Chemist: 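Provided herewith is a single structure, encoded as structure tokens, for subsequent inquiry.
Nothing here was measured: the structure is a model prediction, and the numbers come from that model.
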Amino acid sequence: MSKEQAKPKAEIANSAQVFAEVAQRSSRIMANFLQRQGETQNSVAADEFGIAKAFMDLSALMFAKPQHLAEAQMSMFWDYTRLWQSNWMQLLGQKTEPVIAPRKGDNRFRHGDWENHFLFDYVKQSYLIAARHIHLAVSKVEHLPPDARKKVDFFTRQYIDALSPSNFALTNPEVVRETLNSGGQNLLRGLNNLLADIERGEGQLQISMTDPKAFEMGKNIATTPGKVVFQNDLMQLIQFEPSTQQVYKRPLLIIPPWINKYYILDLRESNSFIKWAVEQGHTVFVVSWVNPGKEYAGKSFEDYLHQGPNDALDAIEQATGEKQANVIGYCLGGTLLGAALGVMAAKKDKRFASATFFVSLLDFSIPGELGVFIDEKQVENLERRMNERGYLEGSEMAGTFNMLRSNDLIWSFVVNNYLMGKDPFPFDLLYWNSDSTRMPAKMHSFYLRNMYLENKLKDPGGISLDGVAIDVRKIKIPAYFISTAEDHIAPWKSVYKGARLLSGKVRFVLGGSGHIAGIVNPPAANKYCFWTNPEFAEDPDEWLGKAERHEGSWWADWQAWMEENNEGVKVEARTPGDGKLQVIENAPGSYVSLRLGAEKAKQKPRATK
């Protein structure tokens with residue numbers, strides 16, 4: 001038999017095997033689904049996000065002024081007329097400019113056929129015209145309540161993104177080519193990938209963003225050498241081994257958000273902020289938060305204060321003998337740091353000598369697109385679910401964040417995994433992004449209500465913790481704020497407003513890119529840029545208008561600021577375990593190893609102080 005004759009038979013056999021796997025998976029998923037439906041048949045679906053009401057309000061206002069709707073329809077009609085004329089001219093051999101083009105950086109239409117092939121170019125431009133006019137029509141509706149407007153704007157964009165022709169097999173030229181070339185094997189593989197993700201999510205779709213088998217913590221990710229030197233119920237404290245003969249006298253504590261795991265700052269050697277900070281001569285400690293279960297339901301925000309920065313400071317003094325430390329708070333960890341510094345200011349506690357805030361909100365008056373998901377009704381519904389389980393499920397929070405960048409974090413994987421039938425690319429950042437963590441019910445309810453809903457942290461005495469009323473205006477230690485221009489989670493103008501609340505000397509820096517990429521931006525990569533302006537104007541736009549642009553990473557700027565505040569004082573390098581604290585285990589530690597939805601590494605018995 002020739003190779004040409006054997007190839008079709010091999011493809012048939014392969015297809016039969018894939019069909020068998022699909023049938024087996026489908027049967028198992030359907031059986032599990034029917035069982036769950038039987039268990040929850042009395043449940044009533046509710047409009048928890050208030051989407052239906054928002055769009056009903058929109059419809060009423062739109063139809064109250066039909067002339068505006070007619071004007072929008074006519075405007076869209078004329079754009080389509082221009083498109084038809086342009087395409088006819090192309091058919092006649094004349095070169096024309098596109099009626100509408102994708103925005104810069106829109107990767108959905110990067111394949112050459114979207115521009116070079118007449119049909120796909122028409123489909124693309126037709127979609128972009130419709131998308132623009134749909135969004136304009138809803139955004140121009142007057143007298144819509146602000147909360148409803150946010151929801152309408154956000155979910156209209158989700159709807160528009162979902163209907164992109166790039167998301168469908170017959171209208172995506174790359175998928176069409178792959179289907180023809182593989183004889184449809186890509187769609188079979190994609191169906192199997194889809195069922196596998198539904199199965200993994202126990203009936204809910206959990207899109208695979210990367211190959212989890214490609215990474216192992218401590219081996220090729222989170223590899224900076226260190227030791228766990230302290231642990232309590234909520235966190236392990238990791239001290240990293242020095243790589244210089246001398247180190248700054250003041251140790252450096254990093255408080256990451258407990259909504260994610262600390263190793264975002266210790267991915268690979270080439271982009272690890274922790275490794276870089278160690279190389280600059282800092283004795284680096286990092287808090288590694290526990291991934292809580294239902295037994296943590298009663299843990300409060302105050303518990304995170306006591307068992308986070310407070311216990312860490314005590315442990316650092318035992319490990320190094322130093323009574324003062326510098327500190328970094330990242331995102332939610334920075335909000336906790338702001339609260340901790342407010343408590344310390346009230347108690348005249350000076351153990352933190354300087355503070356750095358990575359994309360951290362102290363003033364939540366501009367919550368960004370997350371505000372779409374946070375109002376009284378939604379928080380009540382969330383509290384009900386959390387109280388039933390004792391925690392907020394990590395996958396729910398991850399889904400919310402992914403929706404903020406749905407084209408990059410949802411639809412691109414739908415195309416790659418399910419339409420192209422490919423396995424996701426092994427990418428360290430996406431491995432971390434899919435490593436979800438839970439949040440205790442009591443703590444998260446306090447955070448949502450007091451920070452996002454009522455914005456109390458900025459108000460003198462708005463929040464009381466550890467027996468004192470907090471006033472962040474009394475924080476006088478030097479502070480460095482780094483925000484990012486494209487941050488959808490902590491908008492830079494809101495970070496700026498929070499930075500202005502402090503009374504000490506503050507340096508505000510605006511980096512390029514977003515919430516993660518703008519922070520994990522090592523100097524060697526020479527990516528993005530950052531802006532500085534020593535004049536701390538009240539208006540953020542005025543600050544930016546007079547700011548100086550610098551190419552590359554802001555890390556070196558922060559190190560220069562740290563050098564100035566540390567006054568260059570150095571001591572002999574400190575090795576974990578040399579002080580009064582004994583080594584518990586190697587970094588990255590056991591708390592960070594609990595990965596939801598995968599084989600769960602058992603945590604070691606929790607030690608007390």
Side-chain angles (χ1 to χ4, degrees), residues 18 21-22 24-37 39-40 43 45 48-49 155 158 161-162 167 186-217 221 258-261 263-264 291-294 370 373 382 385-386 388-389 391-439 444 489 516 592-601:
V18 173
E21 292 176 4
V22 166
Q24 186 179 20
R25 267 205 171 112
S26 299
S27 177
R28 183 165 57 249
I29 291 169
M30 182 59 70
N32 292 336
F33 173 76
L34 291 173
Q35 181 181 353
R36 283 192 297 272
Q37 287 296 102
E39 293 170 354
T40 60
S43 63
E48 292 190 351
F49 292 136
F155 287 103
Q158 298 300 315
D161 290 345
N167 298 336
N186 58 308
L187 298 178
L188 284 175
R189 293 192 302 268
L191 178 57
N192 217 354
N193 289 343
L194 173 64
L195 292 172
D197 285 349
I198 294 174
E199 191 176 35
R200 185 169 56 90
E202 298 181 349
Q204 294 185 344
L205 180 61
Q206 288 189 8
I207 301 173
S208 298
M209 295 184 176
T210 188
D211 179 8
K213 297 177 183 177
F215 300 99
E216 183 179 350
M217 277 186 283
I221 199 168
W258 52 87
I259 197 171
N260 293 113
K261 295 183 178 177
Y263 67 90
I264 184 58
N291 203 343
K294 61 182 180 181
L370 276 179
F373 300 93
L382 193 60
R385 291 204 304 272
M386 289 194 300
E388 289 172 357
R389 291 182 301 210
Y391 54 83
L392 175 64
E393 187 58 71
S395 60
E396 295 177 10
M397 203 67 194
T400 298
F401 283 115
N402 290 343
M403 286 178 70
L404 300 182
R405 293 178 55 208
S406 60
N407 284 328
D408 293 331
L409 296 177
I410 297 177
W411 297 113
S412 65
F413 295 101
V414 168
V415 174
N416 181 80
N417 300 3
Y418 308 147
L419 299 184
M420 298 295 290
K422 296 179 180 179
D423 293 328
F425 186 78
F427 185 19
D428 56 355
L429 181 59
L430 291 177
Y431 175 86
W432 168 85
N433 186 63
S434 61
D435 194 359
S436 302
T437 56
R438 301 182 179 120
M439 278 163 287
H444 199 55
I489 297 169
I516 302 299
V592 76
S593 300
L594 177 59
R595 187 174 177 88
L596 302 181
E599 289 294 323
K600 294 179 174 59

Chemist: Can a donor-acceptor pair be found, under 3.5 Å and without considering hydrogens, that links the side chain of W258 to the backbone of M439?
Modeler: no

Chemist: For F215, give me all partners under ring pair (Phe, Tyr, Trp, His ring centres under 6.0 Å), at least two apart in sequence or on another chain.
Modeler: Y431

Chemist: Looking at every heavy atom in both L187 and L419, which two are closest together, and how far apart are they?
Modeler: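 Closest heavy-atom pair between L187 and L419: CD2-O, 3.6 Å.
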
Chemist: Would you say the side chain of N433 lies within less than 4.5 Å of the side chain of T210, judging by non-hydrogen atoms?
Modeler: no

Chemist: Return the set of residues passing side-chain hydrogen bond (donor to acceptor under 3.5 Å, both in side chains) with N186 (not counting sequence neighbours), or none when no residue passes.
Modeler: T179, S182

Chemist: What distance separates L195 CG from Y418 OH, expressed to the nearest 0.5 Å?
Modeler: 9.5 Å

Chemist: Show every salt bridge (Lys or Arg N to Asp or Glu O under 4.0 Å) that has at least one partner inside residues 417-430, sequence neighbours left out.
Modeler: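 Matches after skipping sequence neighbours: R268-D428.
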
Chemist: Kindly indicate whether the side chain of N167, heavy atoms from C-beta on, has any atom under 4.5 Å from the side chain of D161.
Modeler: no

Chemist: Between M420 and R189, which heavy-atom pair has the shortest distance, and what is it?
Modeler: O-NH2, 3.8 Å

Chemist: Working to the nearest 0.5 Å, report the span between OG1 of T400 and CG of L392.
Modeler: 8.0 Å

Chemist: To the nearest 0.5 Å, what is the distance between CG (L409) and CG (L430)?
Modeler: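 If I round to the nearest 0.5 Å, the distance is 7.0 Å.
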
Chemist: Please name all residues satisfying salt bridge (charged side-chain N to carboxylate O under 4.0 Å, His left out) with D408, sequence neighbours left out, ordered by chain then number.
Modeler: R405

Chemist: With rounding to the nearest 0.5 Å, note down the distance linking CZ in R438 to NE2 in H444.
Modeler: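 Nearest 0.5 Å value for the CZ-NE2 distance: 14.0 Å.
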
Chemist: If you compare all heavy atoms of M217 against all heavy atoms of D435, which two are closest, and at what distance to 0.1 Å?
Modeler: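 Answer, listing the atom of M217 first, then D435: CE-OD2, 4.4 Å.
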
Chemist: Contact between I198 and L194 at the side-chain level, heavy atoms closer than 4.5 Å - yes or no?
Modeler: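 SC-SC contact between I198 and L194 confirmed.
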
Chemist: Can you list the residues that meet the side-chain contact (heavy atoms from CB on, under 4.5 Å) rule with S208, with sequence neighbours excluded?
Modeler: D197, R200, N417, P424

Chemist: Partners of F425 by side-chain contact (heavy atoms from CB on, under 4.5 Å), sequence neighbours excluded?
Modeler: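 With sequence neighbours excluded, F425 shows a side-chain contact (heavy atoms from CB on, under 4.5 Å) to F427, given in chain and number order.
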
Chemist: Can you give me the closest heavy-atom contact between N291 and T437, atom names plus distance?
Modeler: OD1-CA, 3.3 Å

Chemist: I need the L205 CG to E199 CD distance, nearest 0.5 Å.
Modeler: 12.5 Å

Chemist: Can you name the nearest heavy-atom pair linking W432 to K261, along with the distance?
Modeler: NE1-O, 2.9 Å

Chemist: Measure the spacing between CD1 of I264 and CD1 of I516 and express it to the nearest 0.5 Å.
Modeler: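 Atom-to-atom, I264:CD1 and I516:CD1 are 5.0 Å apart.
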
Chemist: For M209 versus F413, what's the shortest heavy-atom pair and its separation?
Modeler: O-CE2, 3.2 Å

